[in-house]
Every structure is written in structure tokens, then in C-alpha cells.
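Labels below follow one simple rule: chain letters A, B, ... track the order of the sequence lines, proteins then strands, and each chain is numbered from 1.
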Amino acid sequence: MAQEASSSTSSKTISLKTGDGEIFEIEASAAKQMKTVQRLIDDLGDDITIPLHNVFSKELPKIIEYYKKDITGEITKDFEAEFVKDLNDDEVKVLFLAANYLDANKLFEFLSQNIADRLESKSVEYVRKYFGVENDFTPEEESKLREERAWSFRGIKEDE
Amino acid sequence: MENLPVEVIGNILSHLKAARDVVIASATCKKWRIACCKHLHTISFSSNDWSVYRDMTTTRLEILITQTIFQTSGLQSLSILMEDVDEFSASAVIAWLMYTRETLRQLFYNVKTMPNVNILEICGRHKLEILDLAHNSIVGVEPNYQRFPCLKSLSLSYVSISALDLNLLVSACPRIEVLELVNPEIAMSDAQVSVELSSSTLKSVYVEAISLDKFILEADGIECLHLKDCALEDFELIGKGTLKNFRIDDVSVIHLDIGEIVENLETVDISNFTIIWPKFYQMISRSSNLKRLRLWDVMFDDEDEVVDLETIATCFPHLTHLSLSYDVRDGVLHYSLQGSSYLENVVVLELGWNVINDLFSQWVEGLLKRCPILKKLVIYGVVSEAKSDEECKMLANFTTSMVELMRRYTDVDPHFKFE
């Protein structure tokens, strides 16, 4: 595909290659919003396909969709609600990690809020499971913590 | 996900915000506890988030808030909003504010303090961007050493403050953009109750439930002005004609002056008001850029002088949204529909009645004729609980008329909202 040598950044597209070998096109102005991508462009030039080892073909299109809306200023509350509506916990996590890797701040903050929303009124065990963290407190430490924080353990939602 | 940096976890916890959820999350593992201690920037203790707060004694609440805040460092946003607490002890509140002084950017606090604490003096001033206070007293503002260099948004609800201190406080905020005053208790030194505020950076002002003889607002950059449930004798806006959005709702005012230059007005929304049409017309007739006009539940001082479509069409050629609800009676109907100019750009029309009469559907029809590109019509109707036979008959007639009307205007999307 012939690359156009255009003087305005807004009409230029950048090629991104996912970790599983698929290539996606993105507007240069959207690429600017992903600091990791921009750094790679600065190092490698904008004519080369930018390799993204940690992002895959399942999630990149959704990220591109978000930033397509962002550069036209069309991100509304309705769009954001729709964007996460059908995502299960794992899908949100994958997108979140990708946004973190790409250093895509706006999407990252939005997904941080969405993850926080999913943790509301949940138990300690639920949060541990969601994030895959091991409890590394000693039994004494843990009981001390729970005692100090006894007030917060009232009325936990049943884990799903 | 298990390898997320501790700052990222702190960020997620800050989005989680509600103290109880944050505290639970901090018990998951050591890294999360550190995230809560060192990287949490936002926390909120709000009885709306968690009803269990309401079952706790005030002392218990003070203790858990203190414990939780004291385990953080670098807190930027603190919300303590407890609806059922009568008062927190001054020593607790002072402790919370002193602890967060260096880093605080946002403070939301709505509980009375006993004895009264001068929050302005104790809370962090240098970085504060948002201050939202309720149910407290502000006694003595010292503009020379109490400045709020970063404050953008100030909201005072049910706060007792003198007119002079309010003026000094606004002046002590060189970057203020948003001011909200709800039911303030303005202490006055002399007989006339008057407030004068001046700021060249203010963009949006909202005043609710205030009763004054005189209110003078000097704001060269103001864009939005909204008055609600106010009783004023004299209201004057002094500016450079930057006002875009003007709303008054259930306000009684004898002299209203929003300045000579009104060319930038885009939205005018007047509700629950008695309009002296010629005066009102004079005030907004030069707002040729007006896009939205709403006159809702208004009464006209002189029943022979009511708003008419011809005036609206000629003065406001760019109008896209028109909302009208007033008593449509015989003389009024004829007068208001006179002329033949079209409302060329109106796409949304909202019409309402408080007491239905048979003229309403004629009025709707008359208006539809004058809006050639109308896309949406919303009818708001008030239906009384004890529906008399006559009212039922009128509703039925209205429905018949509307069905017939909508058959002719197929491009228009009708909606009905009854209450």
C-alpha cells in the first residue's frame, strides 16, 4: 500500500502490528494519544509498521475505535457507557492492561474508573480474585487489619 | 494484572473513592495496602454511598474518618458528606484539615462543626481548586493573607457569611470561575440587605434561595447566570456582554438589569415568573443569536401584551428550540399567533398547559404552521387528580385534535409528558 507523503499530520495513517501478527491502520493524530506508539514513531519513523508486542488483535480494534471518537471530540457519556456495556471483567482487564502498555491516558483513566465501579461494595476475596493477587499478610497481620477495619466489613455484597 | 505498579493501583483506588471500598481493597495484600497509604489521592466519606454510616454514632464516625485519613499521604481530594450527622467536633475537623493541608486540591464538607471552625483559615489554601461547603459559618475573611490562588470553583450552601466577607472571599480568589450560593444566611450590618460581588474571571454563577434588597454582580467574563427561588428588589449584572446562558426560575425581582450588550445570549430560560413583556422584550430584543428560548409557567403583567410569534420570528432568526407554557385564552391566542413570519430554524417545540382548555390544540396547530423544519414536538400537560367530566372531555378532544394534526405533520416526532 503506497504511503502518501502528505504535509498535514491529520491525514496520515500509521500502521500498527499486533503481537499476533495482524496489521491495523490508525490516524496519526490518534497515535499521538498513545505515548508508547508516539515514542516508537519518533524512534523508527512513521513509514514503518510499528510493532506492538503486548497488544493483540482482539483488543486493538476497540482501542482504535475509542480514539477515533476522541479525535473528533465525540466521546460522550452515552458512548462510554455503550463502550463498556458488554465487556466482561476479563475483557476490561485486557483492555486496561493494553491502555497501560500503550500509555493511552484518556482510555486508561476511563477504564480505571470502570474497574473501580466493578469493585464497589465487593469483598476482599473478590478483589483478590479479580486482580489475581495472593494474600501475603501473616495470619496475625491479617487479623489485626480486619480488627482495625472492622467497620468496613459490614454489609458486603454476596460474591457472584 | 498482578504485576501492576503500585501507582496504578493507587489510581484505581482513587477512582473507587468511597472510603469503605478503599479500606476493604487495602486489606487484599501488602502492595495494595501500600497503594492505599502512599498513592491514594481521592477519598470520600459519604452517607449516600453507604447507608451503614447512618447507623454509627458521631464519635465512631469521627474515629474511623480520622484513622482512615491518617493512614494516607498526599491526599488531594477529600469529601466528607454526612446527611444525618448534626455536628462533628471541632478537634476532629481541625485534625483532618491540618493533616491534608499541604496537598489538598478539593474539599467537599457539609457537616456543622461544634464549636464553629473557620474552615477557610485551616484548610489547605495554596493548591485548593474546588471548595464545596455546607452548613458552616464563615466568620472573618482576611484577603491580605488568606488567598486562594488556585480556586476555580466555590460552592456555599446553607452557610452563614456577611455580605462584606462574601465580597472579600470572591476577591481573594483571582482564578475563580464557578460560584454557587444556595440558601446563604447573609448577615448585614445596616438595614438594607445588599450583596456586591466582583470578579473578572467568573464564568458561571448560580444563586438559589436568596432574599436581598440589592444584588450587584460585576463579572466581565460571565457566560452563565442562573437564579432560582430568589426574592430580589434590584438585580444588576455589570459586564461586557459576554452572557450566553440566562436562567431564572421562580424569582421575584422588581428591577432586573443584565446590561445593554446582549448579542452573545444563546439561551434564555424563564420559568415561574411574571413578565412585563415590553420591558422583557427590550432586554432581549437585540439577542439576534438566540438559539433557545423557554418561557414556562409565566404570567404576563398586562394581559393585552403577551409574547407573540411575529416578534419571536423577527428578533430571533437563529432560534432552534422554543418552549412555551402559559395560560392560553381567547385574546391571548389570537394576539400571539398574529403575523405570518416563519420560525425558520426551530427544530424542537415544547408546549405546555397547567389547566387544559379547548384553545390549546388550536395554539399547537398555529405554532406548527409557523415551524417549517420542525422535527420534534413535546406536549407537557398537567392532569388534575380529581378529573372532572369537563376535563376528561377536553382531554379527549385534545387527543382527537392531536391525532388529526400529526397526520398532517408527518415529519414531526410527537412526545407527550403528563403529570
Exercise for review: Look at B:Arg33, B:His15, B:Lys17 and state which one has the largest set of heavy-atom pairs under 4.5 Å with chain A.
Suggested key: B:His15

Revision key, fill the gap. Given B:Ile9, B:Val22, B:Leu16, B:Asp49, the one with more heavy-atom pairs under 4.5 angstrom with chain A than any other is B:Leu16

**Study point:** Salt-bridge present (A:Lys144, A:Glu147; N to O < 4.0 Å)
**Key:** no

Practice item. Mind checking the CD-CG spacing from A:Gln33 to A:Asp103? Nearest 0.5 Å is all I need. Key: 11.5 Å

Exercise for review: Please report the C-alpha distance between B:Thr320 and B:Asn345 in whole Å, then the side-chain angles of each, then the deciding distance to 0.1 Å, and finally whether the side chain to side chain donor-acceptor pair (under 3.5 Å) criterion is met.
Suggested key: CA-CA 5 Å; B:Thr320 58; B:Asn345 289 302; over 6 Å; no

Review point. At a heavy-atom separation under 4.5 Å, does B:Leu4 approach chain A through its side chain, its backbone, both, or neither?
Key: side chain

Revision key, fill the gap. In this structure, NE2 of B:His226 is separated from OH of B:Tyr206 (nearest 0.5 Å) by 5.0 Å

Practice item. Go through the atoms of B:Ala18 and report whether side chain, backbone, both or neither lie under 4.5 Å from a heavy atom of chain A. Key: neither

Revision key, fill the gap. The interface call for A:Asn100 against chain B, heavy-atom contacts under 4.5 Å, is side chain

Practice item. Using a strict cut-off of less than 4.0 Å between a Lys/Arg side-chain nitrogen and an Asp/Glu carboxylate oxygen, indicate whether A:Arg39 and A:Asp42 qualify as a salt bridge. Key: no

Review point. Closest heavy-atom contact between B:Tyr53 and B:Ala19?
Key: OH-CB, 3.7 Å

Practice item. Decide if the gap between the ring center of B:Phe416 and the ring center of B:Tyr380 is smaller than 6.0 angstrom. Key: no

**Study point:** Point-to-point distance, once rounded to the nearest 0.5 Å, from NE2 of B:His39 to NZ of B:Lys31
**Key:** 10.5 Å

Exercise for review: Salt-bridge test for B:Lys376 and B:Asp411: reply yes if a basic N is under 4.0 Å from a carboxylate O, no otherwise.
Suggested key: no

Point to revise | Residues in residues 79-112 of chain B near chain A [non-hydrogen atoms, under 4.5 Å] | key: none

Study note, to complete from the structure: Under 4.5 Å to a heavy atom of chain B? For A:Leu145 that would be side chain

Point to revise | Residue among B:Ser26, B:Ser51, B:Pro5 with most heavy-atom pairs under 4.5 Å to chain A | key: B:Ser26

Practice item. Could you go through the side chain to side chain donor-acceptor pair (under 3.5 Å) check for B:Glu266 and B:Asn245 one step at a time? Key: CA-CA 6 Å; B:Glu266 288 177 6; B:Asn245 219 298; over 6 Å; no

Exercise for review: Let me know if A:Glu134 has heavy atoms under 4.5 Å from chain B in its side chain, its backbone, both or neither.
Suggested key: backbone

